[in-house]
Amino acid sequence: MITQARRFLMLQGPHGPFFSDLADALKRSGHSVHRIGFNSGDALFWPGENYTRYNDRPEYWRTFFKEFLFKQRITDVVLYGDIRDRHSEAVRICKDRGLQLHIFEEGYLRPYWCTYERSGTNGYSPIMDISIAQMRMALAFWGRDMREVPATWGELRQHIYYGTRYHTQVLFGNKSYQNFVAHRQRSLRDEFSSSCKHMRSMPFKALRRMRSERRIKRGRFPYSLVLLQLAHDASIQEHSSFRDMISVIRLCLQDFAKAAPPHQHLVFKAHPLEDYFQPLAEYTLARAEQLGIRGRVHFVEGGKLADLLDHSNSVVTVNSTAAQQALWRGLPVKCLGRSVYDKPSLVSDQKLVEFFRDPKHPDRDDYMFYRRFLLETCQIRGGFYSRDGREALIRELVPRMLEDECRYTRLLGPLPVLTPQPEVQERLRLVK
């Protein structure tokens, strides 16, 4: 455990007070914390001291960041997501200088956990290069049981609320940040409009969703479930060949029409935070009509996933973390992009046409070892947006951030890569 005082620098975090709460906890542990803000929304959720405003042009960020690290003698850099330009540049500089990174993302296992990594998230996570066999070896060596699922905490309403406050502040109070450029392609006005639209439309969406789900449940037909994602999300833009959800819908409808048995239906589920700047539902049903499968295609506007998964017989996604819930249920999963769960025994390697015709099931034992490995390494129970979620997350997070070595090194470092020792082989035989 690191005992000497460290100097943390926080960049952009999730909407809301999570970074401020985390900074308070680090300060109480004897460490100093600085924050660089890029817009008035960042400042809104940072009431404390040591706040530096970056108001220069984007091309000067690299020089500014390097000078800031030197002047403030920063030892650790904390950020949410490693894809946006400012963050990806910061990650490269920190790795070159040997500084400790702390990278947060939404949980690979949701909705009860958040992701904490030290070198990269999603398609850049170390998990991408760790095989199920290595995970089995590590868990056999350590011999710990899987942790229980914690009590739930509501996050969606708080997520939308903090997003609305953030974008309102940036849209109307950003005069001190004239050179701010958002990491997404859409304008700040569009982001603000989207957040307000979510708040207003939630009751109406709930009614439409209830009607759609009722028709699906009462229909008593088998169906494949397509998990749509947010087109602007880093998982889509950086870790897939798609640039919007229309392309995903088009591909799924086309291959389903070619190969799915005539009794099979196809259900598209939109992301709960989908802004519908593209007419996803209208396109889906119109294209299904053109393909002659309109009566077998359904569209659900967001909502909870569990009920739809419980009655589904297979799942298609680009790389949504929600597919983990399908794997946990033993459902066949087809992944169209790069994801941390894209392992040979978990995700089908079939072409999409073949998957719709006769999907392959995952190896249940392998998935349970995979899940245990994530819980031992990069998943921490809690949430970014609700008070209970933040408290649970920070309670476990601060000690984790102060550990000398990352959990991957702790679990995999001592183990032989190719040939386990006899006692480890015996434990592997027993746990299989």
For residues [X] and [Y], is any side-chain donor paired with an opposing acceptor at under 3.5 Å?
X    : Y    : result
N319 : Q229 : yes
D342 : S339 : no
D233 : S235 : yes
R296 : Q264 : no
S345 : D366 : yes
R371 : Y367 : yes
R110 : T321 : yes
Y408 : E117 : yes
Q379 : T115 : yes
H265 : H298 : yes
D358 : Q350 : no

Does some side-chain heavy atom of [Y] sit less than 4.5 Å from a side-chain heavy atom of [X]?
X    : Y    : value
R62  : K66  : yes
K334 : V315 : no
L266 : L253 : yes
H31  : D76  : no
M128 : V340 : yes
L397 : Y116 : yes
Y108 : N122 : yes
F242 : L251 : yes

With a 4.0 Å cut-off, would you call [X] and [Y] a salt bridge?
X    : Y    : value
R329 : D310 : yes
R92  : E89  : yes
K351 : D255 : no
E238 : R338 : no
R387 : E391 : no

Under 30°, 30 to 60°, or over 60°: which ring-plane class applies to F104 and F18, parallel, tilted or perpendicular?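 Ring orientation of F104 relative to F18: perpendicular.
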
Describe, in one word, how the ring planes of F68 and H34 are oriented to each other, choosing from parallel (under 30°), tilted (30 to 60°) and perpendicular (over 60°).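 F68 and H34: perpendicular rings.
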
Closest heavy-atom pair and its distance - [X], [Y]:
X    : Y   : answer
S88  : D85 : OG-O, 3.0 Å
I394 : L22 : CD1-N, 3.6 Å
V398 : A25 : CG2-CB, 3.7 Å
L79  : A90 : CD2-CB, 4.5 Å
G13  : Y80 : CA-CB, 3.5 Å

Quick check: does any side chain N or O of [X] sit under 3.5 Å from a backbone N or O of [Y], one acting as donor and the other as acceptor?
X    : Y    : answer
S40  : Q169 : yes
S20  : P17  : no
T377 : F373 : yes
W46  : E49  : yes
R7   : Q72  : yes
E301 : A270 : no
S240 : I236 : yes

Let's go through L336 and T317 carefully: what are the C-alpha distance in whole Å and the side-chain angles of both, what is the deciding distance for side chain to side chain contact (heavy atoms under 4.5 Å, CB included) to 0.1 Å, and is it a yes or a no? CA-CA 6 Å; L336 304 175; T317 183; over 6 Å; no

Salt bridge (Lys or Arg N to Asp or Glu O under 4.0 Å) involving D82 - partner list, sequence neighbours excluded: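 Partners of D82 under the salt bridge (Lys or Arg N to Asp or Glu O under 4.0 Å) test: none.
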
Audit row: F38, Y177, ring-ring contact (aromatic ring centres under 6.0 Å, His included) steps and yes/no: CA-CA 7 Å; F38 299 90; Y177 299 85; 8.8 Å; no

Distance check, rounded to the nearest 0.5 Å: [X] atom [atom1] versus [Y] atom [atom2]?
X    : Y    : atom1 : atom2 : result
R287 : I246 : CZ    : CD1   : 11.5 Å
H102 : F8   : NE2   : CZ    : 4.5 Å
T284 : R250 : OG1   : CZ    : 11.0 Å
N313 : H361 : CG    : NE2   : 8.0 Å
T75  : R97  : OG1   : CZ    : 13.5 Å
I216 : D307 : CD1   : CG    : 11.0 Å

Salt bridge (Lys or Arg N to Asp or Glu O under 4.0 Å) assessment of D42 paired with R35: CA-CA 9 Å; D42 295 339; R35 176 78 187 268; 3.8 Å; yes

ring-ring contact (aromatic ring centres under 6.0 Å, His included) against H239, all qualifying residues, sequence neighbours excluded: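 Once residues adjacent in sequence are excluded, the partners of H239 under the ring-ring contact (aromatic ring centres under 6.0 Å, His included) criterion are Y124.
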
Partner residues of F65 under the ring-ring contact (aromatic ring centres under 6.0 Å, His included) criterion, sequence neighbours left out: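 So F65 forms a ring-ring contact (aromatic ring centres under 6.0 Å, His included) with W61.
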
For E376 and R372, what are the C-alpha separation, side-chain angles and deciding distance, and is it a salt bridge (Lys or Arg N to Asp or Glu O under 4.0 Å)? CA-CA 6 Å; E376 291 292 344; R372 282 180 57 195; over 6 Å; no

Residues Q100, V77; criterion side chain to side chain contact (heavy atoms under 4.5 Å, CB included); working and verdict: CA-CA 6 Å; Q100 183 62 69; V77 175; over 6 Å; no

Could you please spell out the steps behind the side chain to side chain contact (heavy atoms under 4.5 Å, CB included) verdict for F356 and V316? CA-CA 9 Å; F356 280 131; V316 179; 4.0 Å; yes

When you look at E403 and R410, which way does the salt bridge (Lys or Arg N to Asp or Glu O under 4.0 Å) test go after all the steps? CA-CA 10 Å; E403 290 176 351; R410 176 180 295 187; 3.8 Å; yes

So, applying ring-ring contact (aromatic ring centres under 6.0 Å, His included) with Y162, which one of Y385, F384, F45 is it?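 Going through Y385, F384, F45 one by one, the ring-ring contact (aromatic ring centres under 6.0 Å, His included) with Y162 is satisfied by F45 alone.
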
Carefully, step by step, assess M10 and V33 under the rule side chain to side chain contact (heavy atoms under 4.5 Å, CB included). CA-CA 7 Å; M10 294 182 169; V33 183; 4.1 Å; yes

